[in-house]
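Beneath this line is the structure, given in structure tokens, with notes to follow.
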Amino acid sequence: MRYLALSLCLLLCALIHAQTITYDKWENITTSGSLPQQCKIQHSNNNLDLVKYKERYYLAFRTAPTHFASSKTVMYIVSSTDLKQWQYETEVHVGYDIREPRFAVYNDTLNLYFFEGGKKKFEFDPRYIWAMRTTGSGWSERVSIHLDGYVPWRLRVHNDTLLLSAYYGKGLYKKSHHSDLRLFQSIDGLHFTPISKEPQIDVLNAEEGEFIFDKKGDMYATVRLEGTGALVCKADKGKLQTWNYKRTKYKYDSALLFDHEDDIYLIARRNIDGEMDKVKHRKNEKQGKMRNLIRYSITKKVTALYKLDKDSLTVTPLMDFPSTGDCSYAGIAQIDKDSYLVMNYSSDINKRKRIWINGQLGKTYIYSTVLHFGK
């Protein structure tokens, strides 16, 4: 009886201290009329990032004919103080594809990083990583950070150093490809060097190394495995070069990690069909991965909120957000102690549910909400 009473007490305490998470109505900002007239919205609006800097919210997003590479791609940067009306900051058009905009506030300067890709619609061809910066009045010209062929995923400041996770993207779908997924470090935001001689992850088709630190200084990460699932990783404080990981057959596309009261949450694309690695490929691994990718393209997706368990290195889905077709790639900025501005992209959330490839070829929009944490 004593143990039963103790168990009930622990359960009651857990329920009392459990977080209640809610969100406001999702608003389509690409059709709201709140964007500046300089933003010429195309068919597909997707890759984005969001940051709060000097009491302004900054949004960078990609607009193009489809989800896939195009010479017509434009990236816009806009800002707002009230989240009701957005002011034009600048735009980038280079005649090649542009993807993965990533903000980082470092040394009181707002930095923006992105990569330039190719022109061929169905080829993934990262060429250069560019950087632009501002202190609040005008943006610099773009400059290369000399990581040609790499794809930036996340930047975070840790111990006064700017850390960048990036993977080598050229030849991504070739059998021999190793992603050389690394953490790079910088003290000026423009010159980056690897934190170690060996990569942090060097397995086939590893991408999107999302990472975050807890209050103890330990690092947690997720890594997408293109044809098989994902890795959930941990690096102990003082040993950031060594990523220990557990494999999962579930795939977390477009991963964004954030923390609230030292709990770690993940926003990522969720495959309604379940595990990524459903097709057996023991005899022909390349063929099995390709079949998984094809099946993955013709199933339905949503953007979901997960919670990461630090002890077990597992990720548990908490809720799905209104989303369908081609979706996810979230950005987040804290509003106050318990509220966060969240943006992502999706096919029209008010129409019928769509499979992923259908969404990638169709219209997509940028949506916005406020996420609330309560007791």
* Asked: Quick one: OG1 on T90 to CE on M132, what's the gap to the nearest 0.5 Å?
  -> 4.5 Å

* Asked: Which heavy-atom pair separates A166 from P152 by the least distance, and what is that distance?
  -> CB-CA, 4.1 Å

* **Backbone N/O of N271 and side chain of Y250: donor-acceptor pair under 3.5 Å** => no

* To do: Test side-chain contact (heavy atoms from CB on, under 4.5 Å) on L313 and Y220 and set out the steps.
  => CA-CA 9 Å; L313 292 185; Y220 296 86; 4.0 Å; yes

* Which atom pair, heavy atoms only, marks the closest approach of C39 to F61? -> SG-CZ, 4.5 Å

* To do: Classify the side-chain pair T161/Q185 by whether it contains a donor and acceptor separated by less than 3.5 Å.
  => no

* Asked: Can we say K216 and D218 salt-bridge, meaning some charged N sits less than 4.0 Å from an Asp/Glu carboxylate O?
  -> yes

* Charged N-O contact under 4.0 Å between K84 and E27 -> no

* Take the angle between the ring planes of F103 and Y58 and call it parallel below 30°, perpendicular above 60°, tilted in between. => perpendicular

* **Sidechain-backbone polar pair: T135 side chain, T109 backbone, donor-acceptor under 3.5 Å** => no

* To do: Using a 4.5 Å cut-off on heavy atoms from C-beta on, say whether the side chain of Y57 contacts that of L341.
  => yes

* Looking at W130, F184, Y167, F115, which one forms a ring pair (Phe, Tyr, Trp, His ring centres under 6.0 Å) with Y150? -> F184

* To do: Scan for side-chain hydrogen bond (donor to acceptor under 3.5 Å, both in side chains) pairs involving residues 41-51, sequence neighbours excluded, and state none if there are none.
  => S44-N46, S44-T364, N45-T63, N46-R62, N47-E100

* **Side-chain donor/acceptor of E275 to backbone N/O of K249, under 3.5 Å** => no

* To do: Give a yes-or-no answer on whether the side chains of H191 and S186 include a donor-acceptor pair shorter than 3.5 Å.
  => no

* Identify the two heavy atoms, one from A330 and one from N344, that lie closest to each other, and give their separation to 0.1 Å. => CA-CB, 4.0 Å

* Would you mind telling me which of K301, Q360, R354, H67 makes a side-chain hydrogen bond (donor to acceptor under 3.5 Å, both in side chains) with D326? => H67

* Closest contact, heavy atoms only, Q85 versus S34 -> NE2-O, 3.3 Å

* **Common cluster, I129/Y96, ILVMFWY with side-chain heavy-atom separation under 4.5 Å** => no

Give the table of side-chain donor-acceptor pairs shorter than 3.5 Å for residues 233-242, with sequence neighbours excluded, one pair per line with atom names and distance.
none

* **Side chain D188, main chain L190, donor-acceptor under 3.5 Å** => yes

* Validation row, ring centre W26 to ring centre Y345 under 6.0 Å -> no

* Centroid-centroid distance, Y265 to F373, less than 6.0 Å -> yes

* Donor on one side chain, acceptor on other, T314 and D309, under 3.5 Å -> no

* Looking at T303, D320, D253, which hits side-chain hydrogen bond (donor to acceptor under 3.5 Å, both in side chains) with R270? -> D320

* Flag the pair Y367 / F321 as yes when their ring centroid distance falls below 6.0 Å, and as no otherwise. => no

* Are D125 and K120 ion-paired here, with the side-chain N under 4.0 Å from a carboxylate O? -> no

* **Within 6.0 angstrom of E261 CD, more than 12 heavy atoms from elsewhere** => yes

* Backbone of L155 reached by a side-chain donor or acceptor of R102 within 3.5 Å -> no

* Is D148 salt-bridged to R127, cutoff N-O under 4.0 Å? -> no

* To do: Give a yes or no on whether the backbone of C327 and the side-chain of R269 come within a donor-acceptor separation of less than 3.5 Å.
  => yes

* Asked: Under 3.5 Å, side chain of H93 to main-chain N/O of S71, donor-acceptor pair present?
  -> yes

* Report yes or no: does S323 contribute a side-chain atom to a donor-acceptor pair with the main-chain N or O of V302 at less than 3.5 Å? => no

* Heavy-atom donor-acceptor pair, R182 side chain to K197 backbone, under 3.5 Å -> yes

* Asked: Minimum heavy-atom separation for S347 to G359, with atom names?
  -> OG-CA, 3.5 Å

* Are there more than 12 heavy atoms of other residues, nucleotides or ligands under 6.0 Å from atom NZ of K363? -> no

* **Rounded distance [0.5 Å steps], OG1 in T369 versus CG in D24** => 5.0 Å

* To do: Look at the side chain of K307 and the backbone N and O of D263, then say whether any donor-acceptor pair between them is shorter than 3.5 Å.
  => no

* Nearest non-hydrogen partners of A104 and Y113, listed with the distance -> CB-CE1, 4.2 Å

